There are 2 protein chains.
Amino acid sequence: MRELASACYRLLQNRTVFHTISIRVLPGFGQLYPSKDGGSAMFLTSNRIHGYEIARATELGEQSCLHTLFARQPVEHLTPGQSLFFEGDSAKHVFDVIEGTLRIFRIISDGRRIITGFVHAGDIVGVSLKGNYLYSAEAITATKVRRLTRKAFDMAVADSEELRPQVFAHVCDEMAAAQDQMVLLSCKNAEERLCSFLLKYLRRTMSEGALQPIVDLPMTRLDMGDYLGLTIETVSRTITKLTSKGVLGPAGRHSLRIIKPATLAQLAGDGDEYEDSRRDFVVHGERRRH
Amino acid sequence: MRELASACYRLLQNRTVFHTISIRVLPGFGQLYPSKDGGSAMFLTSNRIHGYEIARATELGEQSCLHTLFARQPVEHLTPGQSLFFEGDSAKHVFDVIEGTLRIFRIISDGRRIITGFVHAGDIVGVSLKGNYLYSAEAITATKVRRLTRKAFDMAVADSEELRPQVFAHVCDEMAAAQDQMVLLSCKNAEERLCSFLLKYLRRTMSEGALQPIVDLPMTRLDMGDYLGLTIETVSRTITKLTSKGVLGPAGRHSLRIIKPATLAQLAGDGDEYEDSRRDFVVHGERRRH
DNA sequence: CGTTCGTTTGACTCCTCTCAATGGCAGTGG
DNA sequence: CCACTGCCATTGAGAGGAGTCAAACGAACG
């Protein structure tokens, strides 16, 4: 069944005009979320065995950073909506994202989509799996990636005392993120979910040395909803509510200005973030759980 | 704050009678879920460096199975409710569960508990982390474990070409489980969550060669609720509903008889499980999403 | 036999989903 | 230059599923 959903999704990817047709053909898959500019041709992962990669990768084994493994690989470009790989495909490559954002998601049998994460520039995708990809990856914005065959990647890592702990750390971070997401989905209400989400992006933005507390959200409300376990309407309503509270302010099409970061942190309900709680005042002190 | 919650939880673990007192002292932590027989003393993880373990572990390096690393370690016994380690503690040990069941959970600032998983006999806990435990572990039933220092474990693994992929596979399985859990929490209703849960246990039970489709659920409704992102009332009501549908039947205090496994699989809504869908008939064909 | 703890059941509330309509922006073609 | 169209976002009204509060029940245990 998953194969069917996946196949159907690919079909949608390949469509030129008739994407709504596919939806009617398979009533079970009512919401296969055709991507914005799905007119682009499907991105086929090449199955060539890059023998030369292996040699090159191992020879770079003494380098300290995982990214250096990818340094000499050709850069591949993805247009928004283009797929990098599909759930269920045999996991032949590991990817280093140089620029852009991707969504990582699964489609379940009734056609719903669950975004399990977003991947940004500097991240590496496709490490923590054996055999087949557990999820699909799709570009949200124009994206540049470099790829390495798993074989090359694994060999380089196996040979390097330096890289192995890095890979392990990477997997641990992924695990920690998954746990946080489980906490969010388990017992946070819409406002807390959104605040947690924005807070994460705010931290990332600020740590990159941004001057203004403006977060860029390349994804659509649908993406956010599918990530946070909410509908687009609820996401939209919650943003409106936070704006009217004065926590957020508008800042362009795909951006939000965080006016009260500390309130945002409080509303996120993670609890253990006290750093800047007194930088602004709580307007509405309510803290109810559903 | 997390430290406070954790500390408060430890306090509760140590309590003899006055566990409700602690709750009132810290209004934020209204539901610290004192464990059933919390009268037991707190289990302190020993910090001795087992130098001899390391030698022994490496000398066992040529063995094929991860469990053999633990084979010569002394068996430790945990009574129900006893803690193995706490969230935030520095992750000094890796554990091999020989017998019994543990819950793996996190406490968030408002006192809620999220169970991220259950650990059964044959599982290994504490692998996929660096530095500190991301969660607490607590025995549900009488449990037997063996421990190895991380140092010994890591060294043995690093030295063995055989063990490394096993550890990697283990981490991948954990990751896959986390993803499945995210799907469950993201977009399944109470019935689907419970069915998924029961189905997982049923599969485990049957694969162990059980003759009867009876799943043993050592945990309480509260544990199930905290795992599935539901309240005890909803868990209870859903079980009642499934029983009245004829899918489940009572089978003792902590057990459930699965009368219609295929219906259970259908209701779980995972989609890609067709194997035995025709073994029984769907009574109520409804398949709504909330 | 009484207490305690876990479970079940009921009544009610409320948060989020669903359905539906509107608004706004961007790209396209006349 | 402007209407048209498609997509995304917003807003509203209504419904329903799960949470909350409360009480009763049942099993285990001293």
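Within every chain, numbering begins at 1; the chains are lettered A, B, ... in the order of the sequence lines, protein sequences first and strands thereafter. Quantities reported herein were computed from a predicted structural model and do not represent experimental measurements.
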Handout entry: Inter-residue atom distance A:Ser244.OG - A:Ile239.CD1, 0.5 Å rounding
Key = 12.0 Å

Rounded interatomic separation in angstrom, taking [atom1] from [X] and [atom2] from [N]:
{"X": "B:Arg112", "N": "D:dT20", "atom1": "CZ", "atom2": "C1'", "answer": "11 Å"}
{"X": "B:Leu222", "N": "C:dT8", "atom1": "CG", "atom2": "P", "answer": "13 Å"}
{"X": "A:Arg221", "N": "D:dT10", "atom1": "CZ", "atom2": "C1'", "answer": "9 Å"}
{"X": "B:Leu230", "N": "C:dT7", "atom1": "CG", "atom2": "C1'", "answer": "16 Å"}
{"X": "A:Met219", "N": "D:dC8", "atom1": "CE", "atom2": "P", "answer": "14 Å"}
{"X": "B:Leu184", "N": "D:dA18", "atom1": "CG", "atom2": "P", "answer": "12 Å"}
{"X": "A:His254", "N": "C:dA26", "atom1": "NE2", "atom2": "C1'", "answer": "11 Å"}
{"X": "B:Arg193", "N": "D:dG19", "atom1": "CZ", "atom2": "P", "answer": "8 Å"}

Problem - Distance-only side-chain donor-acceptor flag, B:Thr79 / B:Gln82, under 3.5 Å - result: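 Per modelled atom types, B:Thr79 and B:Gln82 side chains form a pair under 3.5 Å.
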
Exercise for the section: Report yes or no: do B:Thr240 and B:Thr243 form a side-chain donor-acceptor pair below 3.5 Å? Expected result: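 No, B:Thr243 and B:Thr240 have no side-chain donor paired with an acceptor closer than 3.5 Å.
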
Practice task
Answer with base, sugar-phosphate or nothing: what part of the nucleic acid does B:Gly229 contact at a heavy-atom distance below 4.0 Å?
Solution key: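 Sugar-phosphate: the residue B:Gly229, judged by heavy atoms under 4.0 Å, touches backbone atoms but no base.
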
Problem - Sugar-phosphate only, base, or nothing, as touched by A:Ile232 at under 4.0 Å among non-hydrogen atoms - result: nothing

Practice task
Would you indicate whether the side-chain heavy atoms of B:Leu202 and B:Pro213 approach each other to under 4.5 Å?
Solution key: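 The answer is yes; the side chains approach within 4.5 Å.
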
Practice task
Compare all side-chain heavy atoms of A:Ile140 with those of A:Leu102 and state whether any distance is below 4.5 angstrom.
Solution key: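 Sidechains of A:Leu102 and A:Ile140: no contact.
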
Exercise for the section: Pull out every residue in residues 234-242 of chain A that has a heavy atom closer than 4.0 Å to any atom of DNA chain D, ordered by number, or say none. Expected result: A:Ser236, A:Arg237, A:Thr240

Problem - Residues in side-chain contact (heavy atoms from CB on, under 4.5 Å) contact with B:Gln212, at least two apart in sequence or another chain - result: B:Ile214, B:Arg257

Handout entry: Nucleotide of D:dC21, D:dA9, C:dC19 approaching B:Glu233 most closely (side-chain heavy atoms)
Key = D:dC21

Handout entry: Of the listed nucleotides C:dC17, D:dG19, C:dG6, the one nearest the side chain of A:Thr231
Key = C:dC17

Practice task
Could you pull out all residues at least two apart from A:Asp223 that satisfy salt bridge (charged side-chain N to carboxylate O under 4.0 Å, His left out)?
Solution key: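 So A:Asp223 forms a salt bridge (charged side-chain N to carboxylate O under 4.0 Å, His left out) with A:Arg103, A:Arg113.
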
Completion exercise
Across all chains, not counting sequence neighbours, the salt bridge (charged side-chain N to carboxylate O under 4.0 Å, His left out) partners of B:Arg204 are B:Glu208

Practice task
Tell whether A:Glu191 reaches the base of C:dC15 with its side chain through a donor-acceptor pair below 3.5 angstrom.
Solution key: no

Exercise for the section: Output all residues satisfying ring-ring contact (aromatic ring centres under 6.0 Å, His included) with B:Phe118, sequence neighbours left out; order by chain, then residue number. Expected result: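 Residues passing ring-ring contact (aromatic ring centres under 6.0 Å, His included) with B:Phe118: B:Tyr227.
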
Handout entry: Inter-end axis angle, the helix from C:dC1-D:dG30 to C:dG30-D:dC1, with every axis fitted to five base pairs (rounded, 10 degrees)
Key =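 For the helix from C:dC1-D:dG30 to C:dG30-D:dC1, the axes at opposite ends meet at about 30°.
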
